[in-house]
Visitor: 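Structure provided below as structure tokens; questions to follow.
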Number of protein chains: 2
Amino acid sequence: MRDVAALAGVSVKTVSRVVNEESGVKADVRARVLAAATRLDYRHNLAASNLRRSRARTGVVGVLVQDLGNSFSASLVRALEDAWRDRGLMVLAASLDEAAEREQQIVENLITRRVDGLVIVPASPRHDYLAPEIRAGLPVVFADRLPRGIDTDSVTTDNRRGAFLAINHLVHVGHRRIAVLTDAPSIATAEERISGVQDALAAHGREGTLDLLHTGIRSEADAEAAVRALMAEPSPPTAIFAARNVLAQGSVRALAEMGLRHSVALVGFDDFPLAQLLDPPLTVVRQDVARLARLVGTRLLERLDGDTSAPIHEIIKPTLIARGSGEIPPS
Amino acid sequence: MRDVAALAGVSVKTVSRVVNEESGVKADVRARVLAAATRLDYRHNLAASNLRRSRARTGVVGVLVQDLGNSFSASLVRALEDAWRDRGLMVLAASLDEAAEREQQIVENLITRRVDGLVIVPASPRHDYLAPEIRAGLPVVFADRLPRGIDTDSVTTDNRRGAFLAINHLVHVGHRRIAVLTDAPSIATAEERISGVQDALAAHGREGTLDLLHTGIRSEADAEAAVRALMAEPSPPTAIFAARNVLAQGSVRALAEMGLRHSVALVGFDDFPLAQLLDPPLTVVRQDVARLARLVGTRLLERLDGDTSAPIHEIIKPTLIARGSGEIPPS
DNA sequence: TTGAAAGCGGTACCAG
DNA sequence: CTGGTACCGCTTTCAA
């Protein structure tokens, strides 16, 4: 900047004015400065500029999701990007893969980078570690899963109701032996979904009959193996509820390989782009990711704009989309 | 930092030493500093620290893809993240949606943030604008599409060969009326794929018979509409080559709605997670995204580590995965 | 092992 | 409309 100033024959302050498009610089001076900047390949340094600036903004929001490669995470990030583009906010993204330590570590790293805000699909069971940051005014919005140990904005799905819808649907179709595939119950979302399953069974006078619950199923491969094992048992289930999209995909894979696609009912949680094109089309409990992302994006912007009201917890109602796989009757 | 120093009764320099885990600080002093830092909720400021540091590194790499919501882009970003995690590099991601201006604009913005490097799946036709940055030593790796107007590292797929494989396959199955769906030829990748189609037709003595080429098909919806229109014509094609993954998905959707899934052959370009589970399973030309990402990630790391040799252009060979949809014979 | 002072690239504040 | 000077938060350099 000093070089540019020298070449243009002005002070650094004037260069600063031009670079920041402040008013009050004569056109010819402006032109000279711009010319000098171009000639010297000058590049403004945002970090340095923010250092002295009073209300500094990096224009970066940290977004922590489970797996950027998963359609749920990817859609979320994409929608946030769109929601923030015209505000000039960029997304610094990271996958957590359900690793609690990674979450804390990355958050710490992001704080060090002075991100303007944080969107978190948490992997850790408690989030007390964020308390100082939130107290200091950092906007933090939890997505898809609720914060624990602190109170901050969140946008989540009614997981309990979603699972209820799924099981209720299968029971109505006539199923009695329903296998449930889900993550470890230590993950809040999984726990809520299990509760929903129990609600549905209770509603049909079948409390405590959840003998086919398989927890700790974390990946597509896990689900595939679990379904294979299940179907090989003496009295296999006639229906499966896979409580996360990759688990549904693994289930479809296993059923396809075993030639059971059209004889075992399957309902997934989370819709995904091609669910409708599978054979049979997959019945799912859909949570509206676009809506979720929109709400999250808006909430963060409002906090960024100075809204300091009490934390808001928004809950999205899931809906059941019957497409075929969930309507297969028990054999 | 000054406050921490005061509270701990040491100089700022000593605090700096502790924060950066430099050796040569007595344990008790270290402990005092740490305690003071905790009590004051001190957070190290990476930007400020980099300002004076000699070989400053922000630890951020800008990754520009077409659409983070698309499985190709998402997988690429995810794999890069993994490749860089233990080096402490984070990904600042952005979607371009084939908008050339956005590409330049975002790159400019990222330069301002002093990213350590750039990975670009370009949207713009020429990249001269990057010349000064590359000259200044910024590592830039192009992925999936070649740079034009400048010379810098790239990792791309042999698109021409991929398209050749697809058409060749369909011709061998017996097809003569093959529709080709692709992006505008102004996109280099699309152009190469069209060349590949022509190669294949020529190889079968059918030069110039490319009467069913449909360019400018940009989205899943475009593809769906195009296929609907095609199949409604007096003498519809007996096979379709959809030269990008979303176009294949749109085609499947259209064929499914028209009840033609099992009577019209379809080959896609780019594999995606559920292609195998569609009905019929989708035959595709696969480009190994994981491999692509690995090569891109490695190349960038090497440049970051000071490799200043001439730009390297790696080309990945695509393979045809026959799964069913591409083996449907002409009716 | 520790500290003082200069300086990184830029902006704030106030004077001219 | 333009410039001078202090200073942002931290590291470098060199002296103690």
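Convention: sequence-line order gives letters A, B, ...; per-chain numbering from 1.
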Visitor: At what distance, to the nearest 0.5 angstrom, does CG of B:L76 lie from CD of B:E81?
Guide: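 Those atoms lie 11.5 Å apart.
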
Visitor: Specify the residues of residues 11-31 of chain A, ordered by number, for which at least one heavy atom lies under 4.0 angstrom from an atom of DNA chain C.
Guide: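 When residues 11-31 of chain A is checked for heavy atoms under 4.0 Å from DNA chain C, the hits, listed by number, are A:K13, A:S16, A:N20.
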
Visitor: Nearest 0.5 Å, please: how far is CD in A:E101 from CG in A:L96?
Guide: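 Going from CG on A:L96 over to CD on A:E101, the span is 10.0 Å.
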
Visitor: For atom CZ of B:R218, decide whether the heavy atoms of other residues, nucleotides or ligands shown that lie under 6.0 angstrom number more than 12.
Guide: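 No, CZ of B:R218 has 12 or fewer neighbouring heavy atoms, counting only those of other groups under 6.0 Å.
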
Visitor: To the nearest 0.5 Å, tell me how far B:Q66 CD sits from B:T189 OG1.
Guide: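 If I round to the nearest 0.5 Å, the distance is 9.0 Å.
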
Visitor: Touch check for B:R114, heavy atoms < 4.0 angstrom, all strands: base, sugar-phosphate only, or nothing?
Guide: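 Here B:R114 touches no strand at all.
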
Visitor: Can you confirm whether A:R114 is buried at CZ, in the sense that more than 12 heavy atoms of other residues, nucleotides or ligands lie under 6.0 Å from that atom?
Guide: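 Enclosed.
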
Visitor: Are more than 12 heavy atoms from other residues, nucleotides or ligands located less than 6.0 Å from atom CZ of A:R39?
Guide: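 No, the 6.0 Å shell around CZ holds no more than 12 heavy atoms from other groups.
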
Visitor: So which protein N/O to nucleotides 6-8 of chain C N/O distances come out below 3.5 Å?
Guide:
residue, atom, partner, partner atom, Å
C:dG7, N3, B:R52, NE, 3.1
C:dC8, O2, B:R52, N, 3.3

Visitor: I'd like to know whether the aromatic ring centres of A:F142 and A:H127 sit less than 6.0 Å apart in this structure.
Guide: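 Under 6.0 Å, so yes.
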
Visitor: Listing request: all side chain to side chain donor-acceptor pair (under 3.5 Å) pairs with a residue in residues 24-33 of chain B, at least two apart in sequence or in separate chains.
Guide: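 Sorted pair list comes back empty.
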
Visitor: Give the rounded distance in Å between these two atoms: CG of B:L46 and C1' of D:dC10.
Guide: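 Answer to the nearest Å: 11 Å.
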
Visitor: Report the distance from atom CG of A:N50 to atom P of D:dG9, rounded to the nearest whole Å.
Guide: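 It works out to 12 Å between those atoms.
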
